[in-house]
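Chain letters run A, B, ... following the sequence lines, proteins first, then strands; residues in each count from 1. Below, each value reflects all heavy atoms present in this structure, side chains not excepted, and no hydrogens, waters or symmetry copies.
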Number of protein chains: 2
Amino acid sequence: MRPTTKDLAQAAGVSLATVDRVLNDRSGVRKDTVDRVNQAIEKLGFTRNLVAANLARGKDYRFVFLLPRTGDQFLEGLIKRIGEANLAFAAEMVRAEVIHIPEGDPHQIAHLLGKLDAERVNGVAIMAPESPQVRDAKARLAHRGIETVSFISGQITQDHDDFVGIDNHAAGATAGRLMGRFSEGKPGKILVIAETMLARDSLERRLGFDEVINADYPHLSVLPSLETYGDADRAARILEASFSGHPGISGVYVLSSESRLALTLINARPKTRQPLIIAHERTPFNEAGLLSNQIDALITQDPGHLVRSAIRILRARCDRRDILASQEKIRIEILFKENI
Amino acid sequence: MRPTTKDLAQAAGVSLATVDRVLNDRSGVRKDTVDRVNQAIEKLGFTRNLVAANLARGKDYRFVFLLPRTGDQFLEGLIKRIGEANLAFAAEMVRAEVIHIPEGDPHQIAHLLGKLDAERVNGVAIMAPESPQVRDAKARLAHRGIETVSFISGQITQDHDDFVGIDNHAAGATAGRLMGRFSEGKPGKILVIAETMLARDSLERRLGFDEVINADYPHLSVLPSLETYGDADRAARILEASFSGHPGISGVYVLSSESRLALTLINARPKTRQPLIIAHERTPFNEAGLLSNQIDALITQDPGHLVRSAIRILRARCDRRDILASQEKIRIEILFKENI
DNA sequence: AGTTTTTTGAGGTACGCACCTCAAAACCAT
DNA sequence: ATGGTTTTGAGGTGCGTACCTCAAAAAACT
């Protein structure tokens, strides 16, 4: 059977109280006593029963997902998954809540983060563009004992397990590979569309995309990125300009998760030849597009996995535990009609 | 705060003992008292604290993975993941053990399953080909209170959440789509290689593959499946025969996870034109092949996910709990050099 | 009505640990 | 040896539930 604290106490020749002091490193234990207990831990292969420990502590984990407010379908899916995770993790005393960021303003995000109460919140998953304000706010949170992770988009950091999301450079490269191989060696121009190129994710995807196309598919030329800013009129205008300015458009790569605007416009155009279309994320719109052959491939990340991974990482950090890296690696998924 | 059994007792106007009887549906409670308690549960939104419940029960979960014994790299990866999961789930009182099936004989598998002791094992994940013997053995296990899941390969059942693994028909179709699109419209012959076509997975993959190719890529013709039986001499012979018999081989699809034998032979051949190669599973060999451009794409399923999913499903069944379907769906992953 | 049967309550113990208090023991320096 | 300080032990309580016993109450019979 699994050794308990009592077994430990006996093996180390000390009392339960001392074992407890060592385990929760409370002060007032002589160094060689600590060593004796640690040796016993090694010897017995003792692992603290976290279930019982948390019960005793009456501890629960309260996490917050800080998300932007938009009508984005990807975001909606994410929120749904957070709700699901809330149910699934309820038995493990984990509670996740969504807080929307009213505006994209970094100051406001930082302000919101600053207002979080360490008594009420143990960890935050932050989905927000990179900015010095947010970085500072995160540092202050860490100081106050609130754990943070960058969620999907966000800070670039050396600390690899601070980020939950895919490698966007690799995702772009994957899109590039697909675009190249699907083009069947025929020359053409590739249109790249984003809501905004200010987002780090879009930038990185574009970079990865270009790298592969330039290296392996010289007969394809990638046009400068178009930015819709989520504005229908603007989108219609710049798309029309691109198509009439560049007759040989053979492919379209939509960088942002919200592809409805651009793809609806493109599909409404009088088609001479249907361009190859690659987009990101498995939204209802994109899924329908894939099934009806209007989209050729999707590059996605699983929202459920993202949410659960963020929760697991935050919880592990609260417990000062290691994570299982292989479980938390978010995969770049490729979706066709066949494996949807 | 979260309501406890005490709150429940008070709200229902009964004692703790009665609440306990209702919760664990023990006998000796009048129907209308049961209803009163259930109403209180609804009203307070009570959910039993599984952590405390399992503590009190002193319960742990002992699971067994029944795996074939081969030198298969995919299998090795799987075993490694089981070891990892063992660590990761240790805090939740889950223990997973691997048992190897000495031979592929259905009788032997059934015998092994029959020997499992319900006192020592709570659930089994079975990776074994479909057979009446195994099906019967599973039924007997269910009767003795041992939960089972079919793991990766295995029984076909209506019961969807009895199977942990990918939809192999869809996986084959995905391979077909890739083969078709990567072929750039040029005609050619496709070689399909398997260890054996007796395995249900291989059959289904082939079916899905053919469906897509026949429907959308009529210029490609798929040759009859070659079976290596894991025998190097035989493999060399039939491969050589195929290549010399069919000059226009433009693609190779390896159905089985173990692709070393076939692909090593193919790569050693004097190449006129490198055929497109699609294989299954992320083994060290396949990964290296992908990175060195000898393999064009891999269709994979995440072994870590498979293992954890099997464990979560078995545990949920032990607790008579529902699973989170979206988490347990194993995705058909597509791997290129870029998103490896 | 009385009798039997069923249902309920009160209370205890246990699970493995956290956290607290108080007193005893061990150590230290003088 | 003295007093002071640090370390340790013994013991208790609680977390939320499971499961047990025994007696009391309620319901169902005759």
### Message
Within the supplied structure, the quantity of interest is the number of heavy atoms (other residues, nucleotides, ligands) at a distance under 6.0 Å from B:Glu92 CD; does it exceed 12?
### Response
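Correct, the count exceeds 12.
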### Task
Inspect the surroundings of CG in B:Asp35 and state if more than 12 heavy atoms from other residues, nucleotides or ligands are less than 6.0 Å away.
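Atom CG in B:Asp35 is crowded, with more than 12 foreign heavy atoms closer than 6.0 Å.
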Rounded to the Å, how far apart are [X] [atom1] and [N] [atom2]?
X: A:Gln10; N: C:dG16; atom1: CD; atom2: C1'; answer: 16 Å
X: A:Asp7; N: C:dG16; atom1: CG; atom2: C1'; answer: 11 Å
X: A:Asp25; N: C:dC19; atom1: CG; atom2: P; answer: 11 Å
X: B:Lys31; N: C:dT6; atom1: NZ; atom2: P; answer: 17 Å

Would you name the heavy atoms of [X] and [Y] that are closest together and state the gap between them?
X: B:Ala12; Y: B:Arg36; answer: O-NE, 3.1 Å
X: A:Pro106; Y: A:Gln133; answer: CB-OE1, 3.6 Å
X: A:Leu78; Y: A:Phe151; answer: CD2-CE2, 3.9 Å

### Message
Classify A:Val14 by what it touches in the nucleic acid, base, sugar-phosphate, or nothing, heavy-atom distance under 4.0 Å.
### Response
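Sugar-phosphate contact only.
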### Task
Let me have a per-nucleotide readout for nucleotides 10-20 of chain D, 5' to 3', with B, S or -, counting only protein heavy atoms under 4.0 Å.
B---BBBBSB-
### Query
Are any of the side-chain nitrogens in A:Glu333 or B:Arg331 under 4.0 Å away from the carboxylate oxygens of its partner?
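A salt bridge is present here (some side-chain N lies under 4.0 Å from a carboxylate O).
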